[in-house]
Amino acid sequence: RQQGKIASMATMKANERLELLKDIGGTRVYEQRRTESLRIMEDSRAQREHIGEVVRGIEERLKELDEEREELAQYEAKDKERR
């Protein structure tokens, strides 16, 4: 039975042997964890980018509201002078 396994390994393609050795050596688990970690890091980067865009939009809107508040204060001061 072992001879059959050895013979099949000898006829495998190089990439198939590599995958088999990864399974036997237990490195596949680490590769899967690494792949998952890289995916999580990319998701986090995308979320940070989106949050940055939202914050920039809020900051711009706050700037606009501050300008409107100043204009309203000037208008109210002039209106008070006229009365």
(Q) Taking transitive links into account, so neighbours of neighbours count too, which hydrophobic residues share a cluster with Leu18 at under 4.5 Å side-chain distance? (A) none

Q: Scan for side chain to side chain donor-acceptor pair (under 3.5 Å) pairs involving residues 40-51, sequence neighbours excluded, and state none if there are none.
A: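 Listed once each, the pairs are Arg39-Asp43, Glu42-Arg45, Arg45-Glu49.
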
Pair [X] + [Y], salt bridge at N-O below 4.0 Å:
{"X": "Glu36", "Y": "Arg33", "answer": "no"}
{"X": "Arg69", "Y": "Asp66", "answer": "yes"}
{"X": "Lys22", "Y": "Glu19", "answer": "yes"}

Q: Start with the C-alpha gap between Arg34 and Glu31, add the side-chain angles, then the distance that decides, and say whether salt bridge (charged side-chain N to carboxylate O under 4.0 Å, His left out) holds.
A: CA-CA 5 Å; Arg34 180 179 183 273; Glu31 285 183 359; over 6 Å; no

Nearest 0.5 angstrom please: [X] [atom1] to [Y] [atom2], how far?
{"X": "Ile58", "Y": "Leu65", "atom1": "CD1", "atom2": "CG", "answer": "11.5 Å"}
{"X": "Lys80", "Y": "Lys78", "atom1": "NZ", "atom2": "NZ", "answer": "15.5 Å"}
{"X": "Met12", "Y": "Ser8", "atom1": "CE", "atom2": "OG", "answer": "4.5 Å"}

Q) Are Tyr30 and Leu38 connected, step by step, through hydrophobic side chains (Ile, Leu, Val, Met, Phe, Trp, Tyr) whose heavy atoms are closer than 4.5 Å? A) no

Q: Check the pair Arg56 / Glu60 against side chain to side chain contact (heavy atoms under 4.5 Å, CB included), numbers first and verdict last.
A: CA-CA 6 Å; Arg56 285 188 292 278; Glu60 182 63 32; over 6 Å; no

